[in-house]
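Before any comments, here is the structure.
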Amino acid sequence: MTVERYPHLFQPLTIGNITVRNRIMQSAHAMSFNSPDGLTNNRDIYYHVARAKGGIGLMITGNRLIHPTSNTFCRGYSYGYRPEMVERDRALTDAVHAYGARIIAQLNHFGVMGETHAMDDYRVLWSASNIKSPVFGEMAKAMERSDMDEIVEGWVRSARYSKEAGFDGVEVHLAHSYLLHQFISPLFNKRTDEYGGSFENRMRFPLEVIRAVREEVGKDFVVGIRLSADEMVPGGMEVQDWIQVAQTVEATGHIDYVMATAGVYQSATYIMPPYDVPNGWLASPVARLKRALKIPVFVVSGIGSAGEAEAILARGEADMVAMTRAQIADPEFANKTKEGREDEIYHCLRCNQGCVGRLFQGTSMTCQINPATGREQIFGVQTLKPATEQKHWVVVGGGPAGMKAAEGLAKRGHRVTLLEKSNELGGQVNYLIRLPRRDSFAWITEDLKVHMAKAGVNVRLNHTATVESVKALQPDGVIVATGSLPDRSGYSDVNPLVDRVPGIDGEHVFTAIDVLEHPEKLGKRVLVIDDEGTRYSAGITEMLVDNGHQVHVLTRWNALFHKLGVTLDQPVVYANLFSQGLTYTLNAWVSQIRGGDVDIFNLYTADEETLSGFDSIVLCIRHLPQEQLYFELKEALPNVHRVGDCVTPRRTDHAIFEGFLAGREIFDNWQRYVEPGSIEQFNGPLPPESFG
């Protein structure tokens with residue numbers, strides 16, 4: 001029945017010499033799963049196999065670097081030019097093929113978009129020209145002809161090893177500010193020789209690479225390209241320019257498909273767009289590209305549902321739709337859709353916190369809502385073991401941590417009762433979704449509601465738990481997930497000897513939650529005191545500005561809402577706030593509040609000044625755990641544990657991860673953590689039973 005609803009989505013597609021079982025794909029994305037030696041390992045294999053088992057049609061691996069000069073700021077990238085990769089990758093491709101999916105290796109060189117200090121030695125960045133990286137500010141060497149010869153050999157060698165390893169094809173990366181893009185685009189290419197200036201000259205070296213790759217792998221092997229359909233920079237290359245690029249490459253007869261994306265590092269928001277950029281935003285421009293080509297065209301566009309993907313395919317805007325983050329969140333997306341179990345899909349929030357955000361923080365990718373992502377070997381569905389004995393667990397608190405714990409316990413066969421003091425589940429998610437463009441977080445609650453109901457969790461709303469009411473349920477174990485509340489003291493570690501800011505108790509001083517519950521109480525001119533630098537404080541500020549308030553932000557940080565940089569939503573938030581007149585003071589904190597006046601001091605010079613004339617003051621500062629009931633229950637009952645913010649306030653992904661562990665009854669601190677390198681081993685070809 002579901003296939004009939006999505007006839008285009010589940011139609012096979014022929015690409016070169018292969019046929020893919022459906023039009024659902026996962027585009028290349030960085031994961032940083034590989035150990036420092038840059039070789040494929042169990043972590044990489046288990047990740048891909050989970051999606052192959054989940055019914056995906058096609059996967060394209062993340063960057064496989066083709067030369068030692070492709071430096072990276074992150075650990076864990078693959079080195080496609082190393083011969084040791086053949087054995088490692090054969091284990092990967094055999095396992096993926098065993099579950100009916102196809103897999104292509106993306107080959108790339110970062111060019112100037114690297115960081116020499118990330119390596120154990122000091123290397124030179126190579127690029128088309130002497131330019132600086134817009135990310136790290138390091139200068140690149142303009143490549144000589146001999147350098148180009150080495151790079152061509154690196155691509156050829158990496159393509160050869162990919163074919164020997166059993167991949168279905170290779171993808172040559174021409175996008176996202178990387179080396180070949182740097183030759184194509186006037187943003188980067190400032191050469192005056194035969195490789196710069198005219199379009200023909202700028203295409204010369206990328207075409208040399210593509211021709212050499214095709215000659216190496218032969219006709220019976222897929223070769224594709226990835227390009228940015230729009231650089232999203234004023235004056236940069238737009239759709240019509242990239243149509244010319246694609247047509248030029250297609251005319252050589254050397255490629256079998258085009259993967260269309262967007263953005264450069266000067267417009268990084270569009271490389272992996274957060275939820276602030278609408279779903280499907282790139283489909284219409286890519287449709288123009290498809291109409292201009294004869295070979296298949298694939299699109300990335302923040303697509304999160306089968307209906308959106310089906311509509312794109314039905315309109316003929318693309319031949320295959322990348323639903324990458326959708327399958328980072330739920331590797332069984334394809335099978336659940338095909339089997340009519342769409343209500344069981346865990347939806348991607350497009351928050352960029354567990355995926356790209358962690359990469360930019362120098363660690364490996366995972367997922368905000370799916371703790372098993374990147375840890376499939378130890379946390380994948382094949383590792384979920386039924387409880388040896390059914391017990392009765394009581395979970396106190398219906399936020400993300402409590403719901404995730406209840407879901408896991410019930411799925412393993414336990415009888416679970418969840419007590420929530422309010423009239424709805426969700427905890428602080430119910431506040432998050434009131435912020436501008438954060439409504440996607442509602443999926444956390446909605447998805448967990450479905451899974452708890454199917455697992456048989458007994459949910460009791462409007463129940464304020466006490467020691468007596470919990471004891472009356474005769475539990476065998478208790479999970480306390482009572483969350484946290486805002487601290488109203490004004491305390492900050494930048495002024496740790498002041499436990500309570502003088503004047504903080506005024507009626508015109510509000511917490512962020514006060515603002516969300518009663519926005520009508522705020523006056524016209526508002527001071528936001530920000531100790532967080534997160535999307536939460538940015539969201540409160542945006543909401544106030546959008547509602548017509550005149551807002552000034554006081555922050556202890558040296559940049560406004562600095563933590564948004566790694567999740568790529570900072571430019572969107574900045575554009576909205578600055579266009580509406582936001583003002584701010586950096587590197588300072590409050591010493592006292594005197595009615596509508598606030599005395600502040602600079603953190604580095606201790607210079608004092610007064611910010612005056614505020615009608616309301618909003619505190620975006622720390623929360624404190626609601627832990628009293630936990631300690632009371634721990635005194636009264638055995639087997640009591642706590643998770644989420646009532647341990648200590650952190651982000652939603654921490655809460656969900658701890659709830660996930662509690663659902664598996666993993667409480668031992670000596671055993672519960674993933675030690676560095678422990679899942680990055682390689683045990684050779686893995687038998688099917690390894691994956692469940």
Side-chain angles (χ1 to χ4, degrees), residues 274-276 304 325-326 328-330 346-361 363 365-375 379 395 397-408 418 420 422 424-452 479-486 512-513 516 532-540 561 563-564 566-569 573 620-626 642-663:
Y275 184 71
D276 306 84
R325 281 174 287 179
I328 291 173
D330 193 336
Y346 296 96
H347 292 79
C348 169
L349 313 181
R350 290 181 62 209
C351 62
N352 281 357
Q353 292 179 5
C355 46
V356 67
R358 282 175 57 91
L359 292 174
F360 281 122
Q361 291 169 331
T363 187
M365 183 198 78
T366 184
C367 178
Q368 160 107 274
I369 63 164
N370 183 5
T373 294
R375 311 177 182 109
F379 290 150
V395 177
M403 296 176 75
K404 193 66 179 177
E407 173 206 38
L418 187 150
E420 166 55 43
S422 73
E424 61 180 344
L425 295 170
Q428 293 201 40
V429 168
N430 297 321
Y431 293 115
L432 284 176
I433 61 177
R434 301 180 193 181
L435 298 174
R437 305 180 307 283
R438 296 311 257 181
D439 52 291
S440 68
F441 276 71
W443 282 119
I444 296 175
T445 305
E446 296 307 310
D447 291 345
L448 286 173
K449 279 182 182 177
V450 169
H451 284 271
M452 287 197 305
I479 305 294
V480 182
T482 46
S484 64
L485 288 175
I513 287 181
L516 292 168
E532 302 295 318
T534 64
R535 184 63 187 262
Y536 191 52
S537 49
I540 291 292
F561 310 131
K563 294 184 180 179
L564 278 62
V566 298
T567 48
L568 306 183
D569 47 345
V573 173
C620 291
I621 60 175
R622 68 177 183 175
H623 281 216
L624 293 173
Q626 297 299 291
R642 58 174 167 168
V643 295
D645 272 11
C646 77
V647 177
T648 189
R650 291 150 295 161
R651 301 186 315 188
T652 310
D653 48 358
H654 290 81
I656 292 173
F657 182 77
E658 288 180 359
F660 177 86
L661 294 181

message: Arg642: which residues meet the side chain to side chain donor-acceptor pair (under 3.5 Å) condition with it, sequence neighbours left out?
response: Glu627
A side-chain contact here means heavy atoms from C-beta on lying under 4.5 Å apart; do [X] and [Y] qualify?
X: Thr652; Y: Ile369; result: no
X: Arg650; Y: Glu658; result: yes
X: Arg350; Y: Pro274; result: no
X: Ser484; Y: Gln428; result: yes

With sequence neighbours excluded, what pairs up with [X] under the side-chain contact (heavy atoms from CB on, under 4.5 Å) test?
X: Leu485; result: Gln626
X: Asp447; result: Tyr346, His347, Trp443
X: Thr373; result: Tyr47, Arg51, Ile328, Met365, Thr366, Cys367, Asn370, Glu376
X: Ala401; result: Ala481, Val643, Ala655

From [atom1] ([X]) to [atom2] ([Y]), nearest 0.5 Å:
X: Asp439; Y: Leu432; atom1: CG; atom2: CG; answer: 11.5 Å
X: Cys646; Y: Leu624; atom1: SG; atom2: CG; answer: 13.0 Å
X: Gln353; Y: Lys563; atom1: CD; atom2: NZ; answer: 11.0 Å
X: Leu435; Y: Tyr431; atom1: CG; atom2: OH; answer: 12.0 Å
X: Ile656; Y: Glu407; atom1: CD1; atom2: CD; answer: 10.0 Å
X: Arg437; Y: Arg535; atom1: CZ; atom2: CZ; answer: 5.0 Å

Option among Thr363, Thr567, Asn352 that satisfies the side chain to side chain contact (heavy atoms under 4.5 Å, CB included) test with Arg358: Thr363
message: If only side-chain N and O atoms count, and only distance matters, is there a donor-acceptor pair under 3.5 Å linking Tyr275 with Asp569?
response: no
task: Would you tell me whether Glu420 and Ser422 have side-chain atoms, one donor and one acceptor, within less than 3.5 Å of each other?
output: yes
Closest non-hydrogen atom pair between [X] and [Y], with its separation:
X: Ile513; Y: Tyr536; value: CG1-OH, 3.7 Å
X: Asn430; Y: Leu425; value: ND2-O, 3.1 Å
X: Leu564; Y: Ala538; value: CD2-CB, 4.2 Å
X: Gly426; Y: Pro400; value: O-CD, 3.6 Å

- prompt: Sub-3.5 Å donor-acceptor pair from the side chain of Arg434 to the main-chain atoms of Leu516, do we have one?
  reply: yes
task: Could I get the full list of ring-ring contact (aromatic ring centres under 6.0 Å, His included) partners for Phe379, not counting sequence neighbours?
output: Phe660
